[in-house]
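Let me begin by presenting the structure, written as structure tokens, before commenting on it.
Just so you know, ligand 1 is whichever comes first in the structure, and atom 1 is the first atom listed for that ligand.
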Amino acid sequence: MQTIQTINELKQIIALNNAKTIGFVPTMGYLHEGHQALLNKARKDNDIVVASIFVNPAQFGPNEDLDRYPRDIERDTQLATDAGVDVLFIPSANEMYPFESDINIIVGDLSTKLCGESRPGHFDGVLKVITKLFHLIQPTKAYFGQKDAQQLAIIETFVDAYNFPVQIVRVPTVREPDGLAKSSRNVFLSETERGEAVHLYQALQLATVTWETTDDLTAAIAKGREHIESNTSGKIDYLEALSYPDLKPVTGETKEVLFATAVFFEKARLIDNILT
Ligand code: PAF
């Protein structure tokens, strides 16, 4: 595996690529089994696998956990090597954003729902870095976890709308044996909170089943919320059902429904979802 830090090195490697397929896995590091699933899929599907580790300042708000975001480059490098990554790109913030620019990508309505409501500018920052990485790496396929369903919806829509020559591959959420979605932020949970966190997925399952059996979305959401409220000390940011990928109210025409939740614990905000 080649580990590189600069755009110049990356450009040289990509220029030497002889029409081989490139699978790209963008990450912010502190890799876990969720990332491993993305890397394994990319390895299976492509000739070359490129992964990036970059804690992207553009997608963190002023009061968010940029400085606290967990980092372990040594372990990540080992994990990437074991997963068969060919090129690991670990740029600095200065390398990615060498100068201030007021030309920005602004996500519209899709970013005002769910996580976007409490994280203004977050998805603009995600698209900023993804655009740069896609231009630099020129991947055939790029791999994203379903756990970040709103991010996935926005990236799928963006790539489609602006004809990026890349196929977005959706990879199912990887869970702990008790159902908790794997996340780099799980390390911030206290022991008690870790025990409670399993109820996010259970609440989503309860809401989904209630909706499927009664067709009553309001009752389904209420049941899900009540489950979290009575089984955790967390504060619900949202628990909602929207159409996927346009994140609009569910109607009779809706093909895919996204049940999604975000819950604040003391030191971590956890998200989870079910797409049905
Ligand atoms: O999902 C993430 O880890 C990040 O949002 C991404 C896609 C790597 C962009 O920084």
Side-chain angles (χ1 to χ4, degrees), residues 7 10 22-39 41-42 49-61 64-73 75-76 79-80 83 85 87-97 104-107 110-111 114-116 118-137 139 141-159 164 166-174 181-188 245 258 260 262 268-273 275:
I7 287 177
L10 184 60
I22 299 178
F24 174 45
V25 179
T27 82
M28 299 207 300
Y30 214 70
L31 305 180
H32 52 67
E33 286 93 328
H35 298 108
Q36 240 160 354
L38 304 180
L39 294 170
K41 179 98 180 84
V49 177
V50 179
S52 62
I53 296 178
F54 179 58
V55 184
N56 173 32
Q59 68 188 73
F60 286 79
E64 291 185 349
D65 56 354
L66 173 64
D67 296 333
R68 252 180 359 110
Y69 198 83
R71 292 163 168 87
D72 191 342
I73 288 295
R75 198 177 139 272
D76 287 351
L79 200 143
V85 171
V87 180
L88 182 60
F89 179 49
I90 316 181
S92 65
N94 205 36
E95 184 70 13
M96 288 302 281
Y97 304 123
N104 290 307
I105 299 164
I106 311 288
V107 185
L110 279 178
S111 72
L114 307 174
C115 290
S118 59
R119 301 191 75 187
H122 168 71
F123 292 109
D124 303 347
V126 170
L127 291 193
K128 178 173 178 160
V129 78
I130 285 300
T131 300
K132 290 184 71 115
L133 290 167
F134 281 0
H135 284 142
L136 292 166
I137 293 160
K141 295 182 179 178
Y143 296 79
F144 293 88
Q146 190 197 302
K147 173 160 167 290
D148 296 304
Q150 187 174 14
Q151 168 171 283
L152 184 65
I154 289 171
I155 291 173
E156 281 177 356
T157 308
F158 180 57
V159 158
F164 279 76
V166 59
Q167 185 189 328
I168 303 300
V169 181
R170 187 198 293 186
V171 180
T173 303
V174 179
K182 300 258 185 191
S183 162
S184 306
R185 290 186 170 98
N186 290 349
V187 292
F188 294 132
L258 173 70
R269 178 179 172 280
L270 300 190
I271 58 170
D272 201 353
N273 69 77
L275 256 176

**Message:** Please evaluate residues Phe164 and His135 with respect to the criterion ring pair (Phe, Tyr, Trp, His ring centres under 6.0 Å), reporting the C-alpha separation (whole Å), side-chain torsions for both, the decisive distance (0.1 Å), and the verdict.
**Reply:** CA-CA 9 Å; Phe164 279 76; His135 284 142; 5.7 Å; yes
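The nearest protein atom to atom 10 (O) of ligand 1, hydrogens excluded, is given as Gln59 OE1, 2.6 Å; this is a heavy-atom distance. Met28 CG, 3.6 Å is the protein heavy atom nearest to atom 3 (O) of ligand 1. Of the protein's heavy atoms, Gln151 OE1, 2.7 Å lies nearest to atom 5 (O) of ligand 1.
In summary, the atoms of ligand 1 found under 4.0 Å from a heavy atom of Pro26, numbered by their order in the structure, are 8 (C). Atoms of ligand 1 found under 4.0 Å from any heavy atom of Val129 (numbered from 1 in listed order, with element): 9 (C), 10 (O).
No cation-pi contact links Lys132 to Tyr97, judged by a cut-off of 6.0 Å to the six-membered ring centre and 45° from its axis.
Judged by distance alone, the side chains of Asn56 and Tyr69 never bring a donor and an acceptor atom under 3.5 Å apart.
Of all non-hydrogen atoms in Gly29 and His35, the two that sit nearest each other are O-CE1, 3.9 Å.
At a threshold of 4.0 Å, the pair Asp76-Arg71 does not count as salt-bridged, since none of the basic side-chain nitrogens sits closer than that to a carboxylate oxygen.
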